[in-house]
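Each remark here refers to the structure printed beneath this line.
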Protein chains: 2
Amino acid sequence: METIEQVLESKNIRVTAMRMLIYKFLVEKEVAVTLSDIENAFEKADRTTLYRTIKTFEEKDIVHQIDDGTGITKYALCEKGCNCEIETDLHLHFHCNNCNETICLTDHKIPQIKVPDGFVSENVNLVVKGICDKCSG
Amino acid sequence: METIEQVLESKNIRVTAMRMLIYKFLVEKEVAVTLSDIENAFEKADRTTLYRTIKTFEEKDIVHQIDDGTGITKYALCEKGCNCEIETDLHLHFHCNNCNETICLTDHKIPQIKVPDGFVSENVNLVVKGICDKCSG
DNA sequence: TAGTAAGTGCAATGGAAGTGCATTTGTTAT
DNA sequence: ATAACAAATGCACTTCCATTGCACTTACTA
């Protein structure tokens, strides 16, 4: 089992208390979070720090950004099976219309999408909306 | 050939000069537009009016909203083959990373997406990013 | 044609994203 | 150990888009 320090170091991210806390928070949260979520969880910390920390994590490919259509950017840890650095790693996201949470369905790859002649596909964003397992129960 | 008045009336939208102009603008634009695009086209009109006009069009299903991941909401006319009122009408959108325009690929339906047990899919948003036909030429 | 409902314009607010700069903290070399 | 440097953090501020309240105008309806 890797420690948080090891994870950060392996990605060339300098280890700080703040970063460890935020990483831990992301691990414990199983859904994608907004910047506000993080803000609420760390009220003592500055918004900018949280913002830049997430951006750092993103650059170093330990979190990926999700645009689930709510208009607010969400972030989730890149876990087992998520290779965000590879453009073609395209798992889909599920947004629950009831609890408003967004979940990475890492196992569910996006099928090949055909585009018309002349169009070149570089990237695909797919968000399924509906009711999640917890809410449909 | 339906006139603009007829289109609006058939959707129970009261006909005003402003609405006709905006509708005409949307018809002529073949790509999805932002509120700012409309604003620039109608500098004499108020932002709020344009905003609410688009919202009205959206409610009455003559326009649909597109979230192409640029962070700015775009709108496009629901044309032939687009049945936004039906949740399962799911054509995809293409966003060009070069010219920054977003196009409805009305003919391209989204394939059936499987979700895990317990999840209920109600809606799917799919945006393909890449280079459009005009830019790849 | 008067009355009412809807549409429009102006002003202001709110939320999220992003930036500049000063300060603090951490790393490295001496 | 500590000086010097680089990176991280906190504060203040800005910008941009979305949205709302209210007053005024326009269009339908009895």
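A note on names: the letters A, B, ... follow the listed sequences, proteins ahead of strands, and every chain is numbered from 1.
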Report each atom pair, protein N/O against N/O of nucleotides 21-28 of chain D, whose distance is under 3.5 angstrom.
from: dG21(D); atom 1: O6; to: Arg52(B); atom 2: NH2; distance (Å): 3.0

- Note on the structure: Per the under-4.0 Å heavy-atom filter, residues of residues 24-38 of chain A near DNA chain D come out as none
- With sequence neighbours excluded, what pairs up with Glu39(B) under the side chain to side chain donor-acceptor pair (under 3.5 Å) test? Arg47(B)
- Identify, with sequence neighbours excluded, every residue that meets side-chain contact (heavy atoms from CB on, under 4.5 Å) alongside Thr70(B). Asp68(B), Ile72(B), Lys74(B), His95(B), Asn100(B)
- Glu58(B) CD to dA18(D) C1', straight-line distance once rounded to whole Å: 13 Å
- Message: Suppose we screen for side chain to side chain donor-acceptor pair (under 3.5 Å). Which residues come up paired with Asp37(A), at least two apart in sequence or across chains?
- Response: Thr34(A)
- Covered region of DNA chain C, 5' end to 3' end, by chain A [heavy atoms, under 4.0 Å]: dA16(C) to dT27(C)
- Task: Looking at every strand, decide which applies to Thr53(B) at a 4.0 Å heavy-atom threshold: base, sugar-phosphate, or nothing.
- Result: sugar-phosphate
- Query: Looking only at side-chain N and O atoms, does Thr49(A) come under 4.0 Å of OP1 or OP2 in dA8(D)?
  - Reply: no
- Item | Side chain to side chain, Asp61(B) and Cys78(B), heavy atoms closer than 4.5 Å | no
- Could you give the CD1-to-C1' distance, from Ile54(B) to dT19(D), as a whole number of Å? 15 Å
- Message: From NZ of Lys44(A) over to P of dG10(D), roughly how many Å is that when rounded to an integer?
- Response: 11 Å
- Item | For His93(B), all residues meeting ring-ring contact (aromatic ring centres under 6.0 Å, His included), sequence neighbours excluded | His64(B), His91(B)
- Query: Within less than 4.0 Å of OP1 or OP2 of dA18(D), is there a side-chain N or O belonging to Lys55(B)?
  - Reply: no
- Check against salt bridge (charged side-chain N to carboxylate O under 4.0 Å, His left out), Glu59(B) and Lys55(B): CA-CA 6 Å; Glu59(B) 277 165 23; Lys55(B) 287 290 169 197; over 6 Å; no
- Tell me which of Asp46(B) and Arg19(B) sits closer to the 5' end of DNA chain C, going by the nucleotide each one is nearest to. Arg19(B)
- Rounding to a whole Å, what distance do you find between Ile72(A):CD1 and dA18(D):P? 13 Å
- Task: In whole angstrom, give the distance that lies between atom CD of Glu39(B) and atom P of dT19(D).
- Result: 14 Å
- Item | Rounded distance (Å) that lies between atom P of dC11(D) and atom CZ of Arg47(A) | 13 Å
- Query: Which residues pass the salt bridge (Lys or Arg N to Asp or Glu O under 4.0 Å) test with Lys114(B), sequence neighbours left out?
  - Reply: none
- Go through the structure and list residues passing side-chain contact (heavy atoms from CB on, under 4.5 Å) with Glu9(A), not counting sequence neighbours. Val15(A)
- Query: Pairs in or reaching into residues 18-57 of chain B: which pass ring pair (Phe, Tyr, Trp, His ring centres under 6.0 Å), with residues at least two apart or in two chains?
  - Reply: Phe25(B)-Phe42(B)
- In chain order, what residues pass the side chain to side chain donor-acceptor pair (under 3.5 Å) check against Asp46(A), with sequence neighbours excluded? Thr48(A)
- Task: Sort and list the pairs that fulfil salt bridge (charged side-chain N to carboxylate O under 4.0 Å, His left out) and have at least one residue in residues 126-137 of chain B, not counting sequence neighbours.
- Result: none
